[in-house]
Protein chains: 2
Amino acid sequence: MARAGLSTERLVRAGAELADEAGFDQVTVSALARRFDVKVASLYSHVKSSQDLRTGIALLALEEMADRGDAALAGRAGKDALAALANVYRDYAGEHPGRYAAARLRLDPETAAASAGGRHARMTRAVLRGYDLTEPESTHAVRLLGSVFHGYVDLELAGGFSHSEPDSRQSWARIIDALDALLRNWPAA
Amino acid sequence: MARAGLSTERLVRAGAELADEAGFDQVTVSALARRFDVKVASLYSHVKSSQDLRTGIALLALEEMADRGDAALAGRAGKDALAALANVYRDYAGEHPGRYAAARLRLDPETAAASAGGRHARMTRAVLRGYDLTEPESTHAVRLLGSVFHGYVDLELAGGFSHSEPDSRQSWARIIDALDALLRNWPAA
DNA sequence: GCCATTTGCCTAAAGGATTTAGGTATGGTC
DNA sequence: GACCATACCTAAATCCTTTAGGCAAATGGC
């Protein structure tokens, strides 16, 4: 019988595709086995557990978003950089909703430390370099930006802004305007 | 044999407690049956499905948060109201992490329409009455506030801000300051 | 208080997911 | 061509979901 050529890498990648197509909660070892036309137990040589598979997808998504972020920030500064980074998250979530949902998975501390999470924090800090903030206000601003990006994308993905005026794209643009204005006029502590 | 006195109401409530104690993804019809010391199938007279149970918990959480929001906003305006509403969400999530996670569940459109979701939008609009915004900017601001509240609480719950300086409470306070400043100086379109 | 009806909880059973243990066959290497 | 590692298999235990059908307890009319 011919072999399917499985590997952790391929399983995680296929899991990510499945997540985007059917939703992250449909990502299951069984479904993946069906997709490869292979018996379920066979996957357990490549993946420790169902949770391990999902974690792999989360790490992949974080990695991919960080790559996009680096590319988007190259050569940009100020509001231009802010908008570019913001759009990385929104676009990625739009194109890969399952992966994006995976990235929101709660990782245990050591996995999180080994993830691309740090790159994301660094990217946001890079954006803030175009504004005039000093510690600890800069960290507060990092957290604000992270909250807005994540919160907006999440609400939009959940359908919160659909089918109601004004268009979500307009709100997004105006929110970026607003954040830019806020960062340029950050209130005194 | 004595009856356990189950009802949809009690099941949802117990499910909410279970969610807070063990995590929303641990909320299962089986676990709930164990908690009531009753056979699993018995619950299906009160609850249509596992998903139905989870939806019930989500609706309960939305309801409870809206109640707290109404109470918090009574007699407040401006930044005072802004901070009060913001804290409703953060405090609720801190006290009831499982319920809060449930509230993030994606509801189908008609369930969402019948939920307390509308009350939440109205509360945020009420806060904005203390600032000088007109449509469509007001809607953009509603979406911004929703994003920040949800995004921050979610990241904090996921452990994003723990064990790192400055304290999350300080960031939260400064973010509210910043939002207040932003709403008072909303950039021109 | 008695009977009928409703309803609450039961047993039984089927289906699907997870996970482990141990077996067979395949592909590369000497 | 034999050997070895390993890719994939069968088998089996455990758990969760869900439906079907049954018995017993509560409820209400008389």
Side-chain angles (χ1 to χ4, degrees), chain A residues 1-60 98-99 101-102 104-108 111, chain B residues 1-60 98-99 101-102 104-108 111:
Chain A
M1 199 176 290
R3 298 196 178 184
L6 304 182
S7 73
T8 304
E9 170 85 14
R10 284 194 66 194
L11 288 179
V12 168
R13 208 159 283 281
E17 285 163 25
L18 178 58
D20 287 336
E21 291 164 21
F24 185 56
D25 49 348
Q26 297 302 308
V27 174
T28 172
V29 181
S30 294
L32 220 49
R34 273 191 296 270
R35 184 167 274 232
F36 280 101
D37 199 33
V38 135
K39 296 295 167 181
V40 191
S42 305
L43 301 203
Y44 282 84
S45 324
H46 305 283
V47 150
K48 274 206 296 296
S49 68
S50 189
Q51 186 57 36
D52 187 52
L53 169 66
R54 280 188 274 264
T55 300
I57 298 172
L59 295 177
L60 173 66
R99 282 155 147 101
R104 307 264 40 98
L105 195 66
R106 189 169 185 153
L107 303 173
D108 62 285
T111 307
Chain B
M1 199 174 289
R3 298 196 179 186
L6 304 182
S7 72
T8 304
E9 170 85 15
R10 283 194 66 195
L11 287 180
V12 169
R13 208 160 283 283
E17 285 164 25
L18 178 58
D20 287 336
E21 291 164 21
F24 185 55
D25 49 348
Q26 298 302 307
V27 174
T28 172
V29 181
S30 293
L32 219 48
R34 272 190 296 270
R35 185 166 274 230
F36 280 102
D37 201 30
V38 134
K39 296 296 169 182
V40 191
S42 305
L43 301 204
Y44 282 83
S45 324
H46 305 283
V47 151
K48 272 204 299 296
S49 68
S50 189
Q51 186 55 37
D52 187 53
L53 169 65
R54 280 188 274 263
T55 300
I57 298 172
L59 294 177
L60 173 66
R99 283 156 146 99
R104 306 265 42 95
L105 195 66
R106 188 169 186 155
L107 304 174
D108 63 286
T111 308

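Treat the numbers as computed from the prediction; the structure is a model and nothing was measured. Throughout, protein chains are lettered first and strands after them, A, B, ... in sequence-line order, and every chain is numbered starting at 1.
- What separates CG of B/Leu53 from P of D/dC16 is a distance of 14 Å, to the nearest Å.
- The stretch residues 14-45 of chain B comes close to DNA chain C through B/Val38, B/Lys39, B/Ala41, B/Ser42, B/Ser45, each having a heavy atom under 4.0 Å from the strand.
- Take A/Glu17 and apply the side chain to side chain donor-acceptor pair (under 3.5 Å) test, not counting sequence neighbours, and it matches no residue.
- For the pair B/His46 and C/dT7, the criterion of a side-chain N or O lying under 4.0 Å from OP1 or OP2 is not met.
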Can you name the atoms? Protein N/O to nucleotides 22-24 of chain C N/O, anything below 3.5 Å, with the distance.
none

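- For the side chain to side chain donor-acceptor pair (under 3.5 Å) test, residues two or more places apart in sequence or in another chain that qualify with B/Arg35 are B/Glu21.
- Residues that satisfy the side-chain contact (heavy atoms from CB on, under 4.5 Å) test with B/Tyr44, not counting sequence neighbours, are B/Val29, B/Val40.
- Contacts of A/Arg106 classified as side chain to side chain donor-acceptor pair (under 3.5 Å), with partners at least two apart in sequence or in another chain: none.
- Atom CD of B/Gln51 and atom P of C/dG16 are 19 Å apart (whole Å).
- Partners of B/Ser7 by side-chain contact (heavy atoms from CB on, under 4.5 Å), not counting sequence neighbours, listed by chain and number: B/Glu9, B/Arg10.
- The separation between B/Leu6 atom CG and D/dA24 atom P is 19 Å, rounded to whole Å.
- Looking only at side-chain heavy atoms (C-beta outward), B/Thr111 and B/Leu59 come within less than 4.5 Å of each other.
- Checked against salt bridge (Lys or Arg N to Asp or Glu O under 4.0 Å), B/Arg34 has no partners two or more places apart in sequence or in another chain.
- By the side chain to side chain donor-acceptor pair (under 3.5 Å) test, A/Ser50 pairs with A/Arg54, sequence neighbours left out.
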